[in-house]
K.L.:
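Okay, here's the structure, questions in a sec.
For the numbers below, each heavy atom of this structure counts, side chains included, while hydrogens, waters and symmetry mates do not. Being a predicted model, the structure only gives us computed values, none of them experimental. Reminder, nothing fancy here: chain letters follow the sequence lines and each chain counts from 1.
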Number of protein chains: 2
Amino acid sequence: MARAPTTADIFNAIAEPRRRQVIDLLAREGPTPVAAIARALSLPQPALSKHLRVLRVVGVVASEQRGQQRLYRLDAAPLHAVHEWASTFERFWTHRLERIRERAERIAEEHHTP
Amino acid sequence: MARAPTTADIFNAIAEPRRRQVIDLLAREGPTPVAAIARALSLPQPALSKHLRVLRVVGVVASEQRGQQRLYRLDAAPLHAVHEWASTFERFWTHRLERIRERAERIAEEHHTP
DNA sequence: TTGACATATGTCTGTATGGGAATATATTCC
DNA sequence: GGAATATATTCCCATACAGACATATGTCAA
């Protein structure tokens, strides 16, 4: 079997940095026409349209005809799955951060009581 | 340009479901030898070894020789980036959930005072 | 050393990519 | 209808996959 298509699911879709940039921009700016996205990301319009298709297929953006242009807006729902999956591992960072903090405090303590 | 290699970064690495399974398993079970992972995931050993290489390159797992076998353990640090990125969009789910809850309460209210 | 076991690597194949360039499709205005 | 603008699609190419299978490498034990 080959690598799964980028349209297979949200995890494959967000593997591409350009697509994460698009998502970030829509989150910041709200609904945005294609040309404005292309300008902001310095991306040729055809390349962007292809990325937008991938994002549409996995349901993380939706488009609305607005006169001559097409407004794309974020639908963050599919990103919830990513967040939830990544949250599973929170305890690992927390533990590591705690260890770092504890060590820092211990060292500081030693320096104060020589 | 072609699609970025799976080893390019953590986002590309976790696009593959098998590799997320490996990560999940190591998070649950702690350090585990290759054969046990292969058995648990019903994955041929060569296929698994290739996935493990990808995960090693992006730094999300590390291996330790343990007698004849090799123990793989999770290093969740790179997943922090994924979690942080996904956290950016938390407000969208929260807002949506709030809207759903408010609507439900309004409807319930209407039913109680007809 | 030889053999048994555990893991890694190489080869093959079909499939899919992301960008560049050209072109097709919509939509609005005259 | 025809021109102008906005967006989508098609064709091209180099690259890289994931799995099946065979084989190499590494490690221990006798």
Side-chain angles (χ1 to χ4, degrees), chain A residues 1-23 25-26 29 31-74, chain B residues 1-23 25-26 29 31-74:
Chain A
M1 218 190 308
R3 209 210 286 214
T6 55
T7 53
D9 55 42
I10 185 68
F11 284 94
N12 278 281
I14 65 170
E16 166 66 40
R18 296 300 207 169
R19 286 194 285 267
R20 290 201 301 281
Q21 288 182 2
V22 172
I23 291 173
L25 186 145
L26 293 182
E29 309 279 334
T32 311
V34 175
I37 305 176
R39 214 178 314 123
L41 303 186
S42 305
L43 200 59
Q45 174 269 314
L48 174 59
S49 272
K50 285 183 220 163
H51 286 310
L52 288 173
R53 191 163 75 85
V54 174
L55 295 174
R56 247 187 296 127
V57 170
V58 302
V60 76
V61 306
S63 67
E64 175 197 354
Q65 199 80 22
R66 196 68 175 160
Q68 211 161 348
Q69 34 195 25
R70 202 166 290 194
L71 288 188
Y72 274 85
R73 60 175 174 74
L74 185 64
Chain B
M1 215 189 310
R3 207 209 283 218
T6 55
T7 53
D9 55 41
I10 185 67
F11 284 94
N12 279 280
I14 65 170
E16 167 66 40
R18 296 301 207 171
R19 287 195 284 267
R20 290 201 302 280
Q21 288 180 2
V22 172
I23 291 174
L25 186 144
L26 293 182
E29 311 278 334
T32 311
V34 176
I37 304 175
R39 216 178 314 123
L41 303 185
S42 305
L43 200 60
Q45 174 269 315
L48 174 59
S49 273
K50 283 184 217 162
H51 285 310
L52 287 172
R53 191 163 76 85
V54 174
L55 296 174
R56 247 187 296 128
V57 170
V58 301
V60 77
V61 307
S63 66
E64 177 197 352
Q65 199 80 22
R66 195 68 177 161
Q68 211 160 348
Q69 33 195 23
R70 202 166 290 193
L71 288 188
Y72 274 85
R73 61 176 174 72
L74 186 65

K.L.:
Heavy-atom nearest nucleotide on DNA chain C for A:A4 versus A:R70: which residue maps closer to 5'?
P.N.:
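Counting from the 5' end, the first nearest nucleotide belongs to A:A4.
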K.L.:
Grab the NZ-C1' distance between B:K50 and C:dT13 for me, whole Å please.
P.N.:
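Those two atoms, NZ and C1', are 12 Å apart.
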K.L.:
Under 4.0 Å, counting only non-hydrogen atoms across every strand here, what does A:R19 touch: a base, just sugar-phosphate, or nothing?
P.N.:
sugar-phosphate
K.L.:
In this structure, how many angstroms lie between the P atom of C:dA22 and the CD atom of A:Q45, rounded?
P.N.:
14 Å
K.L.:
Is a donor-acceptor contact shorter than 3.5 angstrom present between the side chain of B:E16 and the base of D:dA18?
P.N.:
no
K.L.:
When you check the phosphate oxygens OP1 and OP2 of D:dA6, does a side-chain N or O of A:Y72 lie under 4.0 Å from one of them?
P.N.:
no
K.L.:
When rounded to the nearest 0.5 angstrom, what distance separates CG in A:L74 from OG1 in A:T32?
P.N.:
10.0 Å
K.L.:
Can you find an N or O donor on one side and an acceptor on the other, under 3.5 Å apart, linking the side chain of A:Q68 with the base of C:dA26?
P.N.:
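Flag unset: no donor-acceptor pair detected.
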K.L.:
According to a strict under-4.0 Å criterion, is A:T6 in side-chain N/O contact with OP1 or OP2 of C:dT17?
P.N.:
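For A:T6, the contact criterion (side-chain N or O under 4.0 Å from OP1 or OP2 of C:dT17) is met.
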K.L.:
Under the side chain to side chain donor-acceptor pair (under 3.5 Å) rule, what do A:H51 and A:R19 come out as? Steps first, then yes or no, please.
P.N.:
CA-CA 6 Å; A:H51 286 310; A:R19 286 194 285 267; 3.1 Å; yes
K.L.:
Taking CZ from B:R53 and P from D:dA16, how many angstroms apart are they, rounded to a whole number?
P.N.:
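Between P of D:dA16 and CZ of B:R53: 12 Å.
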K.L.:
Less than 4.5 Å apart, side chain to side chain, heavy atoms only: is that true for A:V34 and A:Q69?
P.N.:
no
K.L.:
Choose from C:dA21, C:dG19, D:dA22 the nucleotide whose nearest atom is closest to any side-chain atom of B:P46.
P.N.:
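For B:P46, the side-chain atoms sit closest to D:dA22.
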K.L.:
Once you round it to whole Å, what is the distance between P of C:dG18 and NE2 of A:H51?
P.N.:
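In whole Å, C:dG18 P lies 6 Å from A:H51 NE2.
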K.L.:
Determine whether a donor-acceptor pair (N or O, by modelled atom type, separation under 3.5 Å) exists between the side chain of A:R20 and the backbone of A:A15.
P.N.:
yes
K.L.:
Where each residue is assigned the nucleotide of DNA chain C containing its nearest heavy atom, which of B:R3 and B:P33 is assigned the position nearer the 5′ end?
P.N.:
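Counting from the 5' end, the first nearest nucleotide belongs to B:P33.
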K.L.:
Roughly how many Å is it from CZ in A:R18 to P in C:dG18, rounded to a whole number?
P.N.:
12 Å
K.L.:
Which sits closer to the 5' end of DNA chain D, B:A2 or B:P44, going by the nucleotide each is nearest to?
P.N.:
B:A2
K.L.:
Roughly how many Å is it from CG in B:L55 to P in D:dC17, rounded to a whole number?
P.N.:
13 Å
K.L.:
Atom CG of B:L48 to atom P of D:dA20: distance rounded to whole Å?
P.N.:
13 Å
K.L.:
To the nearest angstrom, how far is B:I14 atom CD1 from D:dA18 atom P?
P.N.:
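Roughly 14 Å, once rounded to whole Å.
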K.L.:
Within the 4.5 Å heavy-atom criterion, are A:F11 and B:E16 side-chain neighbours or not?
P.N.:
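No; the side chains remain at least 4.5 Å from each other.
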